[in-house]
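Presented below is the structure to which this report refers.
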Amino acid sequence: MLGRGLKRKLSDYEESMAGLSSAFDSSRGLPYPLKRQLVLNMCLTKLQTYKMLVEPNLHRSVLIANTVRQIQEEMRQESSQQPLNICPGIAPAAHSFTGMESPGISLQLPSGVGQQESHCCELRSVEDPIENSLLIVSDDDMSSAISSILKDLDFVEDISPPTCLVPTGDDQPKFPENTGLKLEDDRQDLKGAECVFGSFEISNSTSYLKDLAIDDIFEDIDTSMYDSDFCCPPLMPPRSPSLATEEPLKTFPSCNSSSANNIQICRTDLSELDHIMEILVGS
Amino acid sequence: ADIISTVEFNYTGDLLATGDKGGRVVIFQREQETKSRPLSRGEYNVYSTFQSHEPEFDYLKSLEIEEKINKIRWLPQQNAAHFLLSTNDKTIKLWKISERDKRAEGYNLKDEDGRLRDPCRVTELRVPTLKPMDLMVEASPRRTFANAHTYHINSISVNSDYATYLSADDLRINLWHLEVTNRSFNIVDIKPANMEELTEVITAAEFHPHHCNVFVYSSSKGTIRLCDMRSSALCDQHSKFFEEPEDPSCRSFFSEIISSISDVKFSHSGRYMMTRDYLSVKVWDLNMENRPVETYQVEQPRVPSCPSVPVPVRVSNACPCPQVHEYLRSKLCSLYENDCIFDKFECCWNGSDSTIMTGSYNNFFRTFERSAQRDTTLEASRESSKPRTVLKPRKVCTSGKRKKDEISVDSLDFNKKILHTAWHPMENIIAVAATNNLYLFQEKVN
């Protein structure tokens, strides 16, 4: 049987479209909550990707963050009209994140900002099973993800002691201190990524150097051994731990806004640095 | 050839400057009409090429600063030399382009080939004379304005006083004097004390063409603020605030993203200004803040399904019949996914402000004649533009039967985008940058 197959032209544009977004665009039949969830997932994925970048685009980050906020606000309004269903398994946001962790997106999940609780569970119960298979992230996760991204994009220039460098009450993510970090690798990745942005916070102009109170952060780290000789630029640790081992010289993660977890990373790296220095000096 | 990142005619239109992603500036000069080659008038040939910016490495942040030229702005000519400002993400430079067509001969202390003469051997003194030589165009950097921007510079604009200029990044606008490189004044700062509260960034800024105290800046939320520098040193308080109220029926998840203004340009008259957002071009009267006086949908298809509905070129109220929606609106999610929704298209006026032009996808660009209410879609491509052939208008169809020569929405190439266009200040000559090719089109003269 000779088929009369129709030739279809697959343009470059079509090839680059993911199945879901084309479904969004072409299908009128997709239910609104599903569309919204899809957009939200795309936004969060993008934000996550931007966090990994050396220098995220501020314009895009702000636009995406606003979109997320808008969707979040809409969801909040909808859910405030729904009866509350508290899931027993979900602990208050401030101290636990494991319950909220969604597969696939390892967002930083500190509570930081005071948020309403029990949103994640509502989302799960209200939406269908199909939607549950999509990445569902709670309100807290979203707003704290946005906060953390925007905070990381902050630049420190002023002469006055930059508040973002010093941990302050509400802003500081609480989770690094309380939780036994379950997903060590992911956390390290994230902290690594945060350290990437942390380098943003040091002003880019040499004339600002003397105005910064960088020393405050490193007070508890003993850098006397490295003070004069060691003048390697503060490069951020690479994204994946495996890359780090390839580098011949491990460097300090640059100073970051605040969290104690970064100091832990500094200490870890310092001990490795110790080791490397020994080798170098020894040879 | 590298991707062109900016295109700008000078004040007379005789010179056309392009900047590219590799930090180079190429200047084209218009050929003078000569009796022997009467048709050559209007042709632009390369006049000068130089490396304006080099990639830099910020050691403190371990970041590479791109050498891509974001904007070029010419200074009005005041002597034989030409001056232009070119900027990358962080540094602005003032370049002097001058011609040298004479050289001095007959030095006393030097031989013709440059070797130094022994002073004892000099028996007589002579005055060096100037002899003609082949034309040489030299570009030299005269000023470097650096270290004033923490964020990426998106605009520069020369003031009508021809002594100062502004530079704008995502959160701040600085005022410079052309002669002073070690100091600039911050005139707008929208950075919040707490970065978590940041919801809006500056996307473009421009000085008024006649009033040296007035400038505007556009934002990612689709608003434009007009500021008067006489009112205060820091112009955080605007004098006028332009915003079109959103039509609730048009609302979508991407409403804010597509409302972000990518370019703002004053008309030559100074009475109007034009803004480009993702789907439309709007003309504003500076005296009316609550809505634009004209709105043009950039991507307007031919809609076969409702032939009786005239497709409006100019939309005076928001959101017409849904069937005549721009064809991009139905693809917003996909365009968001592949980041095309963040593309920053520029727009420009012609010399008399009667026509406006902007670029689009698939190497299409659009011109809108304001009073005639006529619009044209043209394509900049090698296949369709042999020299001296008249460009054929293009049409995009959304669905149904595709007429001959039409392009279906689904086969548009979103990687071929025309972001930068420029219009000669006096004549109908346009420069269109399509990725790494520059096209020059001229009105057909019979």
Side-chain angles (χ1 to χ4, degrees), chain A residues 9 11-14 16-18 20-26 35-36 38-40 42-43 46 54-55 57-67 69-71 113 146-155 157 163-164 171 196 199-207 209 233-236 254, chain B residues 57-66 89-90 146-152 154 169-171 191-203 220-221 252-257 260 329-342 344 361-362 408 410-416:
Chain A
K9 200 171 172 186
S11 67
D12 288 339
Y13 164 64
E14 279 187 285
S16 64
M17 266 193 334
L20 282 175
S21 57
S22 60
F24 180 106
D25 283 330
S26 51
K35 278 190 180 179
R36 183 173 61 193
L38 172 65
V39 174
L40 184 61
M42 279 170 55
C43 289
K46 278 191 191 287
V54 171
E55 201 174 6
N57 186 319
L58 184 62
H59 179 223
R60 288 190 193 187
S61 306
V62 166
L63 284 176
I64 297 172
N66 287 351
T67 309
R69 281 200 193 108
Q70 172 205 322
I71 294 178
V113 192
I146 299 170
S147 309
S148 72
I149 288 160
L150 285 175
K151 204 162 46 149
D152 289 338
L153 288 170
D154 196 358
F155 282 83
E157 307 176 345
T163 52
C164 63
D171 291 341
V196 166
S199 64
F200 254 2
E201 298 195 4
I202 304 175
S203 165
N204 64 334
S205 170
T206 50
S207 63
L209 264 183
L235 292 172
M236 77 292 264
S254 45
Chain B
F57 194 74
D58 182 336
Y59 291 98
L60 211 49
K61 292 195 290 187
S62 291
L63 292 174
E64 222 189 64
I65 300 173
E66 266 196 323
D89 284 337
K90 299 282 185 182
N147 294 329
H149 285 279
T150 310
Y151 303 95
H152 288 184
N154 51 53
D169 65 31
D170 290 322
L171 297 180
K191 182 178 177 220
N194 184 0
M195 276 292 269
E196 294 175 29
E197 293 161 8
L198 181 66
T199 55
E200 198 172 5
V201 298
I202 298 171
T203 52
S220 55
K221 282 197 169 171
S252 78
F253 299 115
F254 309 105
S255 290
E256 185 177 320
I257 298 180
S260 174
R329 203 180 271 275
S330 60
K331 295 212 173 290
L332 284 181
C333 193
S334 314
L335 292 167
Y336 176 62
E337 170 137 43
N338 60 18
D339 280 351
C340 280
I341 208 173
F342 299 112
K344 293 190 188 174
Y361 292 106
N362 209 75
S408 143
D410 295 317
S411 52
L412 289 177
D413 189 343
F414 288 88
N415 291 320
K416 291 190 188 165

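Note on naming: letters A, B, ... go to the chains in the order of the sequence lines (proteins, then strands), and numbering restarts at 1 for each one.
For B:Ile341, no part sits under 4.5 Å from any heavy atom of chain A, backbone or side chain. Within the 4.5 angstrom heavy-atom criterion, only side-chain atoms of B:Lys344, from C-beta onward, approach chain A.
Taking OH of B:Tyr336 as the reference point, atom OG1 of A:Thr67 lies at 5.5 Å (rounded to 0.5 Å). Note that NE2 of A:His59 is 11.5 Å distant from CD1 of B:Ile202, once rounded to the nearest 0.5 Å. Taken to the nearest 0.5 Å, the CD atom of A:Glu55 stands 8.0 Å off from the CD1 atom of B:Ile65.
Contact count versus chain A (heavy atoms, under 4.5 Å) is highest, among B:Leu332, B:Asp339, B:Thr203, for B:Asp339.
At a threshold of 4.5 Å between non-hydrogen side-chain atoms, the residues B:Asp170 and A:Val62 do not count as touching. The shortest distance between side-chain heavy atoms of A:Asn66 and B:Lys221 falls below 4.5 Å.
Considering all non-hydrogen atoms of both residues, B:Phe253 and A:Gln70 come closest at O-OE1, 3.9 Å. Minimum interatomic distance between A:Leu63 and B:Ser220 (heavy atoms only, all atoms of both residues): CD2-O, 3.7 Å.
For B:Asn362, the side chain to side chain contact (heavy atoms under 4.5 Å, CB included) test picks out B:Phe364, B:Glu379, B:Ile407, B:Leu412, B:Asp413, with sequence neighbours left out.
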